[in-house]
Amino acid sequence: MTVLVTGGAGYIGAHVVRLLRGTGRDVLVADDLSAGDAARIGDAVLLEIDLADSRSVRPLAAAMKRARVREVIHFAARKRVDESVARPVWYYRQNIGGLANVIAAMRATGADRLVFSSSAAVYGATTLPLVSEDAPTEPANPYGETKLAGEWLVRDAAVAGFLRGVALRYFNVAGSGWPDLGDPGVLNLVTMVLDRLTRGERPRVFGIDYPTPDGSCVRDYVHVLDLARAHIAALDALDREQAGFDVFNVGTGRGASVLEVVARLGQVTGLDATPMIEARRPGDPPSVVASVDRIEAELGWRAEADLDEILRSAWRAWPASAGPGS
Ligand code: WQD
């Protein structure tokens, strides 16, 4: 049986595709290539398609039927917080409409297991020292809202008997499992710092007046390969159990501050990472660190890579034009 991976040509999706192919699983990738790169999916079959277009349900279902798809991992979504604030209608159309179309195609073809890419953004500005899956979900932007609403849709489809589903709430993903699968987006701390360092500019730190040990924000950084392995563990659990729907945090349970990450990137790259301290970025909660007891107990998964390995792997994968030795 083939696994359908939507958004499989993207940063995280490509890691999951490579793991699945490495275990001999057949993979069908559905991606519009707006952010993904077909070169990242190796010999997996690619269906280039706009999942948010309701006319896509038929061709997607046809491809799933031909490939005998029973399991789906859904990554395809827009994920820029600032863009979601400016374009909320488009974000709901893309993220919720795309998911609804995938579930419709699953119903039409008998595919009945779904792993859904969710986010710690569903927790919003939490003040909890460790965030468990039972913590209040109060997303602070349309991006986080579409992830929470997506979880509701998957749950409702499970209650209706269409499928069994797992939602994985990603904390801060970084690093690379292979040098050719680095994060191509300069949208989050690690790549934003590497981008500036390799251009000879000082990294920016948005606020050091937070109620945290060193005043800068604390986040839970998880290696993208560990995250990819969590998706395989979720698929295996769906294969074993009859549970309808469940939610799991994917993180390390350990926090690292912005200043700490910046300093370590200076050590890893050997470049001058003296930060420029700037004003707070609106909407940043002081600390967001995962409680990861549930995923370890239920799926038998836990993160293996520490922060140094995450940052070293990110540097190894930084574009050759600007990375080590450039
Ligand atoms: C981390 C910290 C910044 C860049 C995002 C989104 C969402 C989710 C997790 C997937 C913040 C600070 C950053 C810089 C800085 N992922 N920073 N200087 O905001 O925790 O969450 O990733 O769902 O995409 O919610 O991640 O990497 O943007 O910021 O000081 O140049 O680094 O202010 O405190 P964030 P981030």
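Each residue takes its place number in the sequence, starting with 1.
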Looking at Glu309 and Arg316, is any side-chain nitrogen of the basic one under 4.0 Å from a carboxylate oxygen of the acidic one?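 Salt bridge flag = yes for Glu309 with Arg316.
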
Going by an N to O cut-off under 4.0 Å, is there a salt bridge joining Asp195 and Arg199? yes

Suppose we screen for side-chain contact (heavy atoms from CB on, under 4.5 Å). Which residues come up paired with [X], at least two apart in sequence or across chains?
X      : answer
Thr23  : Arg25
Pro129 : none
Val205 : Ile208, Ser216, Val258, Leu259, Val262, Pro275, Ile277
Leu46  : Val29, Asp31, Leu33, Ala38, Ile41

Mark yes or no for whether [X], through its side chain, and [Y], through its backbone, hold a donor-acceptor pair below 3.5 Å.
X      : Y      : answer
Asp226 : Arg302 : no
Thr6   : Ala76  : yes
Arg164 : Leu238 : yes
Thr191 : Gly185 : yes
Thr212 : Gly215 : yes
Ser84  : Tyr143 : yes
Thr137 : Val122 : no
Asn141 : Val85  : no
Glu133 : Asn249 : yes
Arg70  : Asp112 : no

[X] to [Y] - nearest heavy-atom pair and separation:
X      : Y      : answer
Ala317 : Gly182 : CB-CA, 3.6 Å
Leu28  : Thr2   : N-CG2, 3.5 Å
Val190 : Ala314 : CG1-CB, 3.8 Å
Leu47  : Ala63  : CD2-CB, 3.9 Å
Pro203 : Arg196 : CA-NE, 4.0 Å
Ala273 : Leu197 : CA-CD2, 3.8 Å

Quick one: [atom1] on [X] to [atom2] on [Y], what's the gap to the nearest 0.5 Å?
X      : Y      : atom1 : atom2 : result
Leu307 : Arg312 : CG    : CZ    : 9.5 Å
His223 : Ile310 : NE2   : CD1   : 6.5 Å
Asp37  : Leu181 : CG    : CG    : 9.5 Å
Asn188 : Arg80  : CG    : CZ    : 10.0 Å
Leu51  : Asn95  : CG    : CG    : 11.0 Å
Leu163 : Arg107 : CG    : CZ    : 10.0 Å

Salt bridge (charged side-chain N to carboxylate O under 4.0 Å, His left out) evaluation trace for Asp236 with Arg240: CA-CA 6 Å; Asp236 292 345; Arg240 281 196 310 270; 5.5 Å; no

Let's go through Asn101 and Ser56 carefully: what are the C-alpha distance in whole Å and the side-chain angles of both, what is the deciding distance for side chain to side chain donor-acceptor pair (under 3.5 Å) to 0.1 Å, and is it a yes or a no? CA-CA 8 Å; Asn101 289 338; Ser56 295; over 6 Å; no

Holding to salt bridge (Lys or Arg N to Asp or Glu O under 4.0 Å), I want the full list of residues that pass it with [X], two or more places apart in sequence or in another chain.
X      : value
Arg58  : none
Glu304 : Arg229
Asp246 : Arg294
Glu260 : Arg264

Steps toward salt bridge (charged side-chain N to carboxylate O under 4.0 Å, His left out) verdict (Arg254, Asp220): CA-CA 6 Å; Arg254 295 184 302 278; Asp220 184 334; over 6 Å; no

Is there a path of hydrophobic side-chain contacts, each under 4.5 Å between heavy atoms, that joins [X] and [Y]?
X      : Y      : value
Val27  : Ile73  : yes
Ile103 : Val247 : yes
Val45  : Val5   : no
Ile96  : Val81  : no
Ile49  : Leu114 : yes

Applying ring pair (Phe, Tyr, Trp, His ring centres under 6.0 Å), which residue pairs with at least one partner in residues 72-131 are found, sequence neighbours left out? Phe75-His231

Can you list every ring pair (Phe, Tyr, Trp, His ring centres under 6.0 Å) pair that touches residues 241-271, not counting sequence neighbours? none

Check whether the side chains of Arg78 and Ser34 place a donor and an acceptor atom closer than 3.5 Å, and report yes or no. yes

My understanding is that only one of Val250, Val292, Val289, Val288 makes a side-chain contact (heavy atoms from CB on, under 4.5 Å) with Phe171; could you say which? Val288

Could you list the donor-acceptor pairs under 3.5 angstrom formed by side chains in residues 147-160, with sequence neighbours left out?
{"unit_1": "Lys147", "atom_1": "NZ", "unit_2": "Ser117", "atom_2": "O", "d": "2.7"}
{"unit_1": "Glu151", "atom_1": "OE1", "unit_2": "Arg169", "atom_2": "NE", "d": "3.4"}
{"unit_1": "Glu151", "atom_1": "OE1", "unit_2": "Arg169", "atom_2": "NH2", "d": "2.6"}
{"unit_1": "Glu151", "atom_1": "OE2", "unit_2": "Ser118", "atom_2": "OG", "d": "2.5"}
{"unit_1": "Glu151", "atom_1": "OE2", "unit_2": "Arg169", "atom_2": "NE", "d": "2.8"}

Enclosure of Arg21 CZ (heavy-atom neighbours >12, cutoff 6.0 Å): yes

Could you please spell out the steps behind the salt bridge (charged side-chain N to carboxylate O under 4.0 Å, His left out) verdict for Asp272 and Arg202? CA-CA 7 Å; Asp272 176 6; Arg202 294 169 58 186; over 6 Å; no

Enumerate, atom names and distances included, each donor-acceptor pair closer than 3.5 Å involving a side-chain atom of residues 11-20, sequence neighbours excluded.
{"unit_1": "Tyr11", "atom_1": "OH", "unit_2": "Gly175", "atom_2": "N", "d": "3.3"}
{"unit_1": "Tyr11", "atom_1": "OH", "unit_2": "Gly175", "atom_2": "O", "d": "2.6"}
{"unit_1": "His15", "atom_1": "ND1", "unit_2": "Tyr11", "atom_2": "O", "d": "2.8"}
{"unit_1": "His15", "atom_1": "NE2", "unit_2": "Gly177", "atom_2": "N", "d": "2.8"}
{"unit_1": "Arg18", "atom_1": "NH1", "unit_2": "Asp180", "atom_2": "OD1", "d": "2.9"}
{"unit_1": "Arg18", "atom_1": "NH1", "unit_2": "Asp180", "atom_2": "OD2", "d": "3.2"}
{"unit_1": "Arg18", "atom_1": "NH2", "unit_2": "Asp180", "atom_2": "OD2", "d": "2.8"}

